[in-house]
Amino acid sequence: MKAAVYYENGGPEVLKYEEIPDPACHPKGVIIRVEAIAIEGGDTLNRWRGPLMTNPHVVGYQAAGEIIEIGEQVTNVKVGQKVATVNNWGSHAELRSVPARNCWPVPDGFDLRKAAAIPVTFGTAHDCLFEFGRMKKGETVLVQAGASGVGVAAIQLAKRAGAGLILATASSDERLEKLKRLGLDHGINYTRDDVVKEVKRLTDNKGVDVVVDSVGGSTLQGSINSLAYRGRVSMVGAAGREPMVVDVGTMMGGNRALSGVFLGAEIGTDRVHNNIQQLIEDAARGELEVIIDKEFPLSDAAGAHAYIESRQAVGRVVLVP
């Protein structure tokens with residue numbers, strides 16, 4: 001099969017398009033013929049500095065396609081079924097091997113490019129807001145990196161749950177404007193404005209109840225400083241690629257909370273598995289929108305990664321074999 005691979009960590013240029021052996025099917029797993037690959041922020045981070053678990057390494061969490069082989073112990077899915085899949089690596093290829101538990105059936109007629117972008121992205125946003133952020137109707141929400149995949153999902157999910165006010169940050173006014181139809185009330189251009197000051201101004205100096213922060217680094221302290229009394233930050237990534245340094249003393253006076261969120265730690269639970277299936281079905285019914293910003297051929301995975309890192313995208317970038 002063809003795949004986008006690399007032999008060492010680095011920038012997008014380390015990605016090569018090569019022929020490698022087809023993956024084997026585990027007794028508890030499946031093989032899918034990949035039709036769409038949704039590039040995650042974690043994919044670019046792993047390419048940059050993550051461990052190379054295979055040699056050459058095929059990076060990638062999310063892909064959707066058709067099951068072409070099932071293991072002898074698999075009973076929950078069948079050959080010919082269209083599924084969205086998640087695994088620790090292996091999405092950037094024409095074929096992938098995944099545990100059957102990490103497959104979610106896709107409703108007939110639903111765009112597989114969109115289905116590929118849902119499990120980690122929308123599942124993570126949902127956990128950040130509700131499982132760990134404990135968001136309630138009427139509360140105020142700040143989404144750092146609102147134009148990211150998780151950001152786009154979080155804005156919609158917060159709006160659907162009745163958030164009183166939704167704020168988000170992005171690197172340009174143009175990107176922020178595109179988020180308003182999804183439920184964004186006020187955008188903050190972090191390249192121009194002081195995020196904390198803007199949050200306080202827009203909330204009458206109260207701050208926000210919940211922050212979804214996929215950036216980390218120095219942004220994380222700003223998220224904490226943006227909180228209202230008893231506010232909660234869900235920290236879910238390190239897209240900023242900076243050290244995580246915060247002053248925990250700034251949390252005490254306001255009885256604030258900081259939670260680290262990693263969907264992968266609970267993706268095998270019934271709670272998360274069922275929640276992801278529901279999110280896929282909601283999107284298929286048009287209740288949630290999956291934004292595909294740009295599509296690249298798998299052969300140009302390097303170009304796709306470079307485009308993501310240019311911070312122009314709104315939503316997900318997709319590779320197609």
Side-chain angles (χ1 to χ4, degrees), residues 2-4 30-44 60-68 76-87 90-96 98 100 102-126 146-157 159-160 175 178-179 181-183 263 267 272-301 303-305 307-308 312-321:
K2 290 286 191 178
V30 306
I31 301 293
I32 71 162
R33 180 181 295 111
V34 176
E35 297 184 36
I37 301 147
I39 306 175
E40 286 295 299
D43 297 348
T44 64
Y61 296 140
Q62 298 198 117
E66 181 179 340
I67 296 174
I68 61 171
N76 62 312
V77 291
K78 59 186 178 180
V79 170
Q81 201 165 19
K82 303 281 189 174
V83 292
T85 68
V86 172
N87 209 10
S91 76
H92 287 39
E94 292 179 324
L95 302 173
R96 86 176 308 197
V98 297
N102 289 12
C103 296
W104 291 269
V106 175
D108 291 342
F110 187 45
D111 188 341
L112 284 184
R113 298 174 309 156
K114 295 181 178 182
I118 293 175
V120 171
T121 312
F122 278 78
T124 293
H126 197 282
S148 68
V150 169
V152 165
I155 289 168
Q156 294 182 72
L157 292 170
K159 181 70 173 181
R160 185 169 75 163
R175 296 175 87 195
K178 292 179 180 179
L179 301 175
R181 64 183 179 82
L182 303 178
L263 188 75
I267 202 165
V272 172
H273 187 87
N274 294 340
N275 188 47
I276 289 172
Q277 187 66 57
Q278 186 63 58
L279 291 166
I280 291 172
E281 291 171 8
D282 290 349
R285 285 194 298 270
E287 296 175 15
L288 296 169
E289 183 175 354
V290 182
I291 296 179
I292 305 300
D293 182 278
K294 200 167 184 179
E295 182 181 306
F296 289 78
L298 178 59
S299 57
D300 191 21
H305 277 232
Y307 177 70
I308 291 169
Q312 300 176 60
V314 175
R316 274 289 170 253
V317 174
V318 169
L319 292 171
V320 176

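- Of the possible donor and acceptor atoms, none in the side chain of Asp293 sits under 3.5 Å from a partner among the backbone N and O of Gly315.
- Side-chain atoms of Thr85 come within 3.5 Å of backbone atoms of Ala63 as a donor-acceptor pair (strictly under, hydrogens ignored).
- Between the side chains of Gln278 and Asp282, at least one donor-acceptor pair of N or O atoms lies under 3.5 Å.
- Val34 is not listed as a side-chain neighbour of Ser91, based on a closest heavy-atom distance of 4.5 Å or more.
- Contact detail for Glu66 and Lys82: the closest heavy-atom pair is OE1-NZ, 3.6 Å.
- Of all the heavy atoms in Cys103 and Val77, the pair that sits closest is CB-CG1, 4.4 Å.
- The CD1 atom of Ile280 lies 12.0 Å from the CZ atom of Arg285; values are rounded to the nearest 0.5 Å.
- When all heavy atoms of Ile118 and Ala283 are compared, the closest pair comes out as CD1-CB, 3.6 Å.
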Query raised in the report: Going through the checks in order, is the side-chain contact (heavy atoms from CB on, under 4.5 Å) test met by Thr121 and Val290?
Result: CA-CA 10 Å; Thr121 312; Val290 182; over 6 Å; no
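- Across all non-hydrogen atoms, the minimal contact from Gly149 to Arg316 is N-NH1, 3.5 Å.
- Between the side chain of Asp43 and the backbone N or O of Glu40, at least one donor-acceptor pair lies under 3.5 Å.
- At least one donor-acceptor pair closer than 3.5 Å links the side chain of Arg175 to the backbone N or O of Ala313.
- Ala64 approaches Leu112 most closely through the heavy-atom pair CB-O, 3.6 Å.
- Val317 and Ala304 make their closest contact through CG1-CB, 4.1 Å (heavy atoms, listed as atom of the first residue, atom of the second, distance).
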**Report entry** Full working for side-chain contact (heavy atoms from CB on, under 4.5 Å) between His92 and Ile39
**Finding:** CA-CA 9 Å; His92 287 39; Ile39 306 175; 4.2 Å; yes
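- The closest side-chain heavy-atom distance from Leu157 to Leu279 is below 4.5 Å.
- From Ile155, atom CD1 reaches atom CG of Leu182 across 6.5 Å, with rounding to the nearest 0.5 Å.
- With contacts defined as side-chain heavy-atom distances shorter than 4.5 Å, the pair Glu281/Phe110 does not qualify.
- Side-chain contact between Val98 and Val30: present, with at least one pair of heavy atoms (C-beta onward) separated by less than 4.5 Å.
- A salt bridge does not link Glu35 with Arg113: every distance from a Lys NZ or Arg NE/NH1/NH2 to an Asp or Glu carboxylate oxygen is 4.0 Å or more.
- Between Pro321 and Lys2 the shortest side-chain heavy-atom distance does not fall below 4.5 Å.
- Listed for the Asn87 side chain is no donor-acceptor partner under 3.5 Å among the backbone atoms of Asn102.
- Side-chain contact check for Ile37 versus Arg96: every heavy-atom pair is 4.5 Å or farther apart.
- In terms of modelled atom types and a separation under 3.5 Å, the side chain of Gln277 and the main chain of Trp104 share no donor-acceptor contact.
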Query raised in the report: Would Lys294 and Gln312 count as a side-chain contact (heavy atoms from CB on, under 4.5 Å) if you check the C-alpha gap in whole Å, the side-chain angles of each, and the deciding distance to 0.1 Å?
Result: CA-CA 10 Å; Lys294 200 167 184 179; Gln312 300 176 60; over 6 Å; no
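- Under a 3.5 Å cut-off, the side chain of Gln156 and the backbone N or O of Glu289 do form a donor-acceptor pair.
- Between Lys78 and Ile67 the shortest side-chain heavy-atom distance does not fall below 4.5 Å.
- A heavy-atom distance below 4.5 Å is found between the side chains of Ile68 and Leu95.
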